[in-house]
Amino acid sequence: MRIVLVGPPGAGKGTQATRLAETLQIPHISTGDLFRANISQQTELGKLAKSYMDAGNLVPDEVTIAMAKDRMEQPDAEGGFLLDGFPRNVSQAEALDELLETEDMKLDAVLDLEAPEDEVVKRIAGRRVCRNDSAHVFHVTYTPPKKEGVCDVCGGELYQRDDDSEETVRKRLEVYHTQTEPIIDYYKSQGLVATIAATGPVDEVTRRALEALKRDQ
Ligand code: AP5
């Protein structure tokens, strides 16, 4: 399956993508995680991306599309993938369509995770991410690690993302509404969108997501 996950910052895209990718046996491709890996390796791309991410803005399309394309062309993504955080505006969605068309492929579904703004703000304020693997995500209240500051999965150090400050989160939400939400209509016109409530326990959201994907097949 080829799936796009869309939703505001803090809706739980990363949390759900990890679970869905495991169940569906497809790679989880997160452009945010790819940028963060570049930042920690101090690559030129990482240096460029950091200035945009810390301000809550989108990294320019040219570099983002090239990075996403490169990742989607890796052998493990031949049979499908779950995109998290890409596409993030209509130009990126058009670029993805073109790429898929060249390969004679198409998307199967766009899963739209809906969560109220006050809830996503609370989730982001309490989020802690593992330095070893950004797929290991916790929340100080909702899903706390057994030992404060330490990842349950690998023992790595948990930290708060630089772009999770209150001011940057407000900017990221504004960017989501103005630049990313329009892709939902873009994909609705292709009949691909399944909207689910991303509130309630994590397991319950996963159950809703799998149900919605089954309905769409
Ligand atoms: P990215 O990393 O994609 O961030 P985001 O879209 O803002 O989303 P988040 O990672 O903040 O949230 P999430 O929805 O994954 O929530 P999570 O599962 O962690 O992008 C970061 C930046 O990179 C962008 O601002 C941009 O600069 C750049 N970028 C990335 N892609 C780009 C692109 N395509 N084009 C241009 N620029 C790009 O959950 C949040 C918290 O809530 C966690 O603590 C979790 O434990 C908790 N939680 C999750 N589900 C639940 C639940 N059901 N109940 C209670 N708590 C929950």
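Just so it is clear, the structure is predicted and the values come from calculations on it, not from any experiment. One-based numbering, in listed order, for ligands and for the atoms of each. Numbers for residues simply follow the sequence, beginning at 1.
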Supply the atom-to-atom distance T102 OG1 to K69 NZ, rounded to the nearest 0.5 angstrom. 8.0 Å
For the residue pair E157 and N132, confirm or rule out a side-chain donor-acceptor distance under 3.5 Å. no
Could you tell me which atoms of ligand 1, counted from 1 in the order shown, lie closer than 4.0 angstrom to a heavy atom of G85? 31 (N), 32 (C), 33 (C), 34 (N)
Under 4.0 Å between a side-chain nitrogen and a carboxylate oxygen: does that hold for K106 and D97? no
Could you give the distance from CD (E22) to CG (L82), rounded to the nearest 0.5 Å? 12.5 Å
Protein heavy atom at shortest distance from atom 31 (N) of ligand 1: T31 OG1, 2.8 Å
Any idea which part of Q92 is under 4.0 Å from ligand 1, heavy-atom wise: side chain, backbone, both or neither? side chain
State the atoms of ligand 1, each with its element, that fall below the 4.0 Å cut-off from a heavy-atom position in R36. 2 (O), 21 (C)
Yes or no: does G200 have any heavy atom under 4.0 Å from an atom of ligand 1? yes
Identity and distance of the protein heavy atom lying nearest atom 23 (O) of ligand 1: M53 CE, 3.3 Å
Heavy-atom distance to atom 7 (O) of ligand 1: which of R161, R172, K171 wins? R172
Considering only non-hydrogen protein atoms, determine which one is nearest to atom 37 (N) of ligand 1 and report residue, atom name and distance to 0.1 Å. V59 N, 3.0 Å
Return the option from T64, V137, V169, T18 holding the heavy atom at the smallest distance from atom 43 (C) of ligand 1. V137
Looking only at the side chains, is there a donor atom on one of D163 and Y52 sitting less than 3.5 Å from an acceptor on the other? no
With respect to atom 6 (O) of ligand 1, which of E119, Q160, R88, H139 exhibits the smallest heavy-atom separation? R88
Taking atom 8 (O) of ligand 1 as the reference point, the nearest protein heavy atom with its distance: K13 NZ, 3.1 Å
Under 3.5 Å, is there a donor-acceptor pair linking the side chains of R36 and S134? no
Numbering as shown, the atoms of ligand 1 that approach T143 to under 4.0 Å (heavy-atom distance): 46 (O)
Going by the 4.0 angstrom heavy-atom rule, the piece of P8 near ligand 1 is backbone
Examine distances only and state if a side-chain atom of Q179 and a backbone atom of E174 form a donor-acceptor pair shorter than 3.5 Å. no
Going from CD on E114 to CD1 on I196, what distance comes out if it is rounded to the nearest 0.5 angstrom? 9.5 Å
Between H28 and Q16, is there a side-chain donor-acceptor contact under 3.5 Å, judged purely by atom types and distance? no
For D163, take its heavy atoms, then give the atoms of ligand 1 lying under 4.0 Å from any of them. 21 (C)
From the options M67, R127, R123, select the one whose nearest heavy atom is closest to atom 47 (C) of ligand 1. R123
Kindly write out the residues that satisfy ring-ring contact (aromatic ring centres under 6.0 Å, His included) with H139, not counting sequence neighbours, or none if the list is empty. Y142
Going by the 4.0 angstrom heavy-atom rule, the piece of V202 near ligand 1 is both
Is it the case that the side chain of R208 and the backbone of A197 share a donor-acceptor pair, with hydrogens and angles ignored and the cut-off at 3.5 Å? yes
Enumerated ligand 1 atoms positioned under 4.0 Å from heavy atoms of G14: 13 (P), 15 (O), 18 (O)
Nearest non-hydrogen atom to atom 12 (O) of ligand 1 belongs to which of A198, A11, G10? G10
Quick one: does NZ or CZ of R131 land under 6.0 Å from the six-membered ring centre of Y159, within 45 degrees of the ring axis? yes
L192 side, atom CG; D112 side, atom CG - distance, nearest 0.5 Å: 12.5 Å
If you compare L173, N57, L5 by their heavy atoms, the one closest to atom 27 (O) of ligand 1 turns out to be N57
Heavy atoms only: which of Y176, F35, F138, Y142 is nearest to atom 38 (C) of ligand 1? F35
What's the shortest distance from atom 45 (C) of ligand 1 to any protein heavy atom, and which residue and atom give it? T15 OG1, 3.8 Å
Got the closest protein heavy atom to atom 16 (O) of ligand 1, with its distance? G12 N, 3.2 Å
